[in-house]
Amino acid sequence: MLSELDQAERLPARQQPEWYDAEALRDARATLSALPPLVFAGEADDLRDRLGEAAQGRAFLLQGGDCAETFSGATADKIKDRVKTILQMAVILTYGASVPVVKMGRMAGQFAKPRSKDTETRGDVTLPVFRGEIVNGFEFDEQSRRNDPARLVQAYHTSASTLNLIRAFTQGGFASLREVHSWNQGFARNPANARYDQLAQEIDRAVRFMDACGAGDSEDFKRVDFYVGHEGLLFDYERPLTRIDSRTGKVYDTSAHFLWIGERTRGLDDAHIEYFSKVSNPIGVKLGPDTQPEDVLALIDRLDPDRVPGRLTFITRMGAKRIRESLPPLLEAVRDSGAQPLWITDPMHGNGITAANGYKTRRFDDILDEVQGFFEAHAEAGTIPGGIHVELTGDDVTECLGGVERIDEDDLATRYESLCDPRLNHRQSLELAFLVAEQLKTVHRR
Ligand code: PEP
Ligand code: CO
């Protein structure tokens with residue numbers, strides 16, 4: 001079983017860093033192999049079943065978090081604010097559209113970044129590009145940009161402590177529906193969270209009603225299942241954490257519940273597709289605007305030959321300008337083939353622009369427009385829009401243009417903290433959730 005993975009890893013693999021120090025790499029991989037799994041196979045199976053529900057329109061997936069997590073960003077406050085933001089968005093969606101929401105962080109492992117160039121030039125200095133803190137440092141100097149295998153182990157420990165806090169928050173009472181108000185505390189006042197407060201009051205009334213009926217003690221009110229996923233990019237990290245499940249003898253990547261394959265690494269003959277075809281976790285694949293129907297059908301055959309509900313998620317990231325033309329042919333071909341993967345929208349990665357002052361950014365209106373295009377395309381094809389994948393943070397950053405605060409190009413410099421792509425801030429995230437809830441309501445009325 002595991003030897004098949006080793007074979008897959010030896011196929012041509014894109015976006016893998018060169019480590020230079022072979023012995024340090026061997027040590028790091030051996031260390032990772034001996035460390036405990038971060039998640040358990042049974043949890044990944046539960047997630048797969050829930051994603052299967054979403055694929056059939058009986059749930060909705062909300063996946064969100066940083067483009068690139070950082071080691072220094074794994075503080076209690078930052079993790080808590082991200083989890084709170086996702087919980088708030090989930091409540092807006094659940095209450096607004098009366099549909100169960102599967103919650104997943106791009107967290108506890110989202111450290112590796114595929115890049116379009118191998119080097120970065122500033123002035124007359126050219127250095128290796130930043131590939132995420134699991135590989136090298138963001139600082140633009142030779143020492144920091146040197147790939148260091150010890151970072152693989154640091155990524156594991158940072159993921160473990162992040163996941164531990166997520167589990168504590170979501171299982172220890174903080175995520176109870178009785179706390180809906182408190183999730184809004186600590187965030188600056190603005191129209192989006194004022195609207196959230198109103199909704200929280202309605203939920204309070206509903207909870208009091210359930211209490212009065214004697215149904216308020218349900219465990220479902222107190223705990224939330226919160227899953228984690230990241231791009232399964234680096235074999236030097238994923239392979240040592242891929243293990244055989246003692247219950248079933250099947251292979252799971254225990255670095256996360258959910259792994260996705262990026263737009264740049266999903267070649268049918270490349271290592272990533274072969275590797276994850278052997279792994280039993282639910283798997284996602286990103287699809288850009290040039291994806292052809294035959295590519296998608298081939299991906300289904302490779303990754304989900306048995307058509308297991310929830311096994312395969314397509315994360316479309318077409319860009320607002322192209323989604324209405326690029327997505328429908330894919331939906332129709334898959335629908336006609338009888339397969340029912342989960343379709344979710346990533347309205348971030350097809351909408352990147354560079355502002356006049358050099359910042360990488362995205363327009364909030366383009367993000368909304370892509371979400372709308374996603375719902376329209378599914379309505380036309382008679383298929384199911386099953387979720388959303390966004391880059392967000394609980395912080396008041398100024399990375400994406402627009403939204404209630406009308407962030408403009410000059411504001412970008414105020415608080416731009418992402419090491420990679422621009423993220424929605426807390427209020428933009430809530431605003432987006434209200435919009436998605438409106439769209440989703442129409443689906444559930446259909
Ligand atoms: C990402 O999700 O951060 C990413 C790199 O996405 P994509 O593969 O869609 O470009
Ligand atoms: Co990104």
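Basis for what follows: all heavy atoms, side chains included, without hydrogens, waters or symmetry-related copies. Counting convention: from 1, in listed order, for ligands and their atoms alike. In this chain, residues are counted from 1 in sequence order.
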Hey, are R82 and D395 close enough for a salt bridge, meaning a charged N less than 4.0 Å from a carboxylate O?
no
Pairing of D304 and R307 as salt bridge, 4.0 angstrom limit:
no
Centres of the H230 and F258 rings: under 6.0 Å?
no
With a 6.0 Å cut-off on ring centres, are W260 and H389 close enough?
yes
When you pair each N or O of ligand 1 with protein N or O atoms, which pairs come out under 3.5 Å?
from     : atom 1 : to   : atom 2 : distance (Å)
ligand 1 : 2 (O)  : R106 : NH1    : 2.9
ligand 1 : 2 (O)  : R106 : NH2    : 3.4
ligand 1 : 2 (O)  : K286 : NZ     : 2.8
ligand 1 : 2 (O)  : H349 : NE2    : 3.4
ligand 1 : 3 (O)  : R106 : NH2    : 2.9
ligand 1 : 3 (O)  : K113 : NZ     : 2.7
ligand 1 : 3 (O)  : H349 : NE2    : 3.0
ligand 1 : 3 (O)  : E391 : OE2    : 3.2
ligand 1 : 6 (O)  : K286 : NZ     : 2.9
ligand 1 : 8 (O)  : E263 : N      : 2.9
ligand 1 : 9 (O)  : K286 : NZ     : 2.9
ligand 1 : 9 (O)  : R317 : NE     : 2.6
ligand 1 : 10 (O) : R264 : NH1    : 3.1
ligand 1 : 10 (O) : R317 : NH2    : 2.9

K286 to F314 six-membered ring, cation-pi geometry met (6.0 Å, 45°)
no
Hey, does the Lys NZ or Arg CZ of R115 hover above the aromatic six-ring of F130, less than 6.0 Å from the centre and inside 45° of the axis?
no
Can you find a heavy atom in the side chain of Q340 that is under 4.5 Å from one in the side chain of L312?
no
Can you say whether the rings of Y416 and Y359 are parallel (under 30°), tilted (30 to 60°) or perpendicular (over 60°)?
tilted
If you take all heavy atoms of R167 and L38, which pair is closest and at what distance?
NH2-O, 3.2 Å
Mind counting the protein N, O or S atoms sitting less than 2.8 Å from the Co ion (ligand 2)?
4
